[in-house]
There are 2 protein chains.
Amino acid sequence: MKRTKRERQTALKESINENPFVTDEELSAEFDVSVQTIRLDRMELSIPELRERIKHVAVRTFEDEVKSLPIDEVIGEIIDIELDEKAISIFDVKPEHVFQRNQIARGHHLFAQANSLAVAIMNEDLALTVKSELQFLRPVKAGQRIVAKATVIDRQPEKNRAFVKVVSTVDQVTVFIGTFEMYRMTEQSEGEAG
Amino acid sequence: MKRTKRERQTALKESINENPFVTDEELSAEFDVSVQTIRLDRMELSIPELRERIKHVAVRTFEDEVKSLPIDEVIGEIIDIELDEKAISIFDVKPEHVFQRNQIARGHHLFAQANSLAVAIMNEDLALTVKSELQFLRPVKAGQRIVAKATVIDRQPEKNRAFVKVVSTVDQVTVFIGTFEMYRMTEQSEGEAG
DNA sequence: CCCGCTATTAGCACTTGGTACTAATATCAG
DNA sequence: CTGATATTAGTACCAAGTGCTAATAGCGGG
């Protein structure tokens, strides 16, 4: 026997959250109350009906699928670029980018933003990373916005190489520094993997 | 006027595939036939009804989400691990991991595999990357399997530091080498971001 | 021109998982 | 005991179907 209405509604919310595919009837059995009570509860909590819940999940997926491909091409959003000179991108850290335990952004996302900016700054169709040195200076948490600034610091055209330095900040505080040795592909595919 | 039944059914299949959220009524308008005809078509093509279609999309997401969290937690699949000593993971490069133009894997995926392996090898709940040096030696293409081997090469317990070297190979050929300076978090959250 | 065949359309009963609403009953507090 | 709140019951109705039967349309052959 569940006690109060409040308790039941809290549990109900959780239960539906955990499994949006549950019907009112199943819930009524779970909480040992009538279907009508479940419905009243859902109304008070403004939880939509089963089919609407499923639809929302489905729509979300569907949109995610459509969106995720282009987003993957450049990690973060480039807001300014001067080819072969400098470039800036921003990246908003969301819950899916952090470790569950401590909410700290996983390193590869910082790297990904910096590396794709380094690729983008190269005034060439195909640029690959050859070497890289990274410093993770401060943890970044979900909700923060990372601003990455890339600068070409050296050019070696005869060797098809360029050196790019990327400094990432959150609220003007430097959180990451990376240097990238980039290779300009001409017609071959030798050199590296990134 | 659409011509044959065959043509209509082909178009129908495509239309539903593109937008699973369409009702029979909307389809009947689109193809200028009766709702019943649409239903007969769906039966012949064994296309389930709207609500079932939506459910499938939703279930897929849901399962993906449940799966993707652990998957995201470690990039690649760990196949062997001796904490504080060495670890091995594999990562299958899929089309979504490569540049469209040249099919070469983007650097941050190689980094992500190596970095998460370095995090995993640390015999501690919370480990963060402080510094890193990377060499991308050869391009990796879609369809290839990257085997990453991580080894702890130095320990500095007094400074909460450990140094991990990761060598990634494809068919026994080294494609990537990375060294990671790792920080063991005790109770603070200072140090870095990955 | 009618026969046979497929394709299409129509109509009805029924299903799920609800909403919206009304009304009765239970429970508990003052 | 009275009132307020909570719960249950019951009805009509809806969307988007399934399942089934039956009527009709169109066309090709003989």
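Just so it is clear, the structure is predicted and the values come from calculations on it, not from any experiment. Each chain gets a letter, A, B and so on, in the order the sequences are listed, and its residues count up from 1.
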So, B:Glu181 and B:Thr129: side-chain donor and acceptor under 3.5 Å apart, yes or no?
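Distance-only check fails for B:Glu181 and B:Thr129.
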Judged by modelled atom types alone, do B:Thr37 and B:Ser34 share a side-chain donor-acceptor pair under 3.5 Å?
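There is such a pair between these side chains.
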Taking [atom1] from [X] and [atom2] from [N], how many angstroms apart are they, rounded to a whole number?
X       : N      : atom1 : atom2 : answer
A:Phe21 : C:dG17 : CZ    : P     : 14 Å
A:Leu27 : D:dT7  : CG    : P     : 15 Å
B:Lys5  : C:dT6  : NZ    : P     : 9 Å
B:Leu50 : D:dT18 : CG    : C1'   : 14 Å
B:Ile38 : C:dT8  : CD1   : P     : 10 Å

May I ask you to check whether over 12 heavy atoms, not counting those of A:Glu158, lie within 6.0 Å of atom CD?
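Yes.
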State whether [X] places a side-chain N or O below 4.0 Å from either non-bridging phosphate oxygen (OP1 or OP2) of [N].
X       : N     : answer
B:Ser34 : C:dT9 : yes
A:Arg8  : D:dA6 : no
B:Thr37 : C:dT9 : yes

Minimum heavy-atom separation for A:Ala105 to A:Val93, with atom names?
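That closest heavy-atom pairing would be CB-CG1, 4.1 Å.
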Mind checking if A:Gln36 touches a base, just sugar-phosphate, or nothing, with heavy atoms under 4.0 Å?
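Base: the residue A:Gln36, judged by heavy atoms under 4.0 Å, touches a nucleobase.
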Base, sugar-phosphate, or nothing for B:Val35, non-hydrogen atoms under 4.0 angstrom?
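It contacts nothing in the nucleic acid.
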Looking only at the aromatic ring of each residue, does the gap between the centers of B:His109 and B:His97 stay below 6.0 angstrom?
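Yes: the rings meet the under 6.0 Å criterion.
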Between [X] (side chain) and [Y] (backbone), is there a donor-acceptor pair under 3.5 Å?
X        : Y        : result
A:Glu133 : A:Phe180 : no
B:Arg53  : B:Val22  : yes
A:Glu26  : A:Thr23  : yes

Which is more 5' along DNA chain D, the nucleotide nearest B:Val22 or the one nearest A:Val33? Just name the residue.
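Result of the comparison: A:Val33.
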Scan residues 39-47 of chain B against DNA chain D and write down, sorted by residue number, each residue with any heavy atom closer than 4.0 Å; if none is found, say none.
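Heavy-atom contacts with DNA chain D come from B:Arg39, B:Arg42.
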Contact list (N/O, under 3.5 angstrom) for nucleotides 21-26 of chain D vs protein:
none

Ignoring hydrogens and angles, does a donor from either the side chain of A:Arg51 or the base of C:dG17 sit under 3.5 Å from an acceptor on the other?
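Answer yes: a donor N or O sits under 3.5 Å from an acceptor.
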Salt-bridged, B:Glu49 to A:Arg51, with N to O below 4.0 Å?
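Looking at B:Glu49 and A:Arg51, the cut-off is not met.
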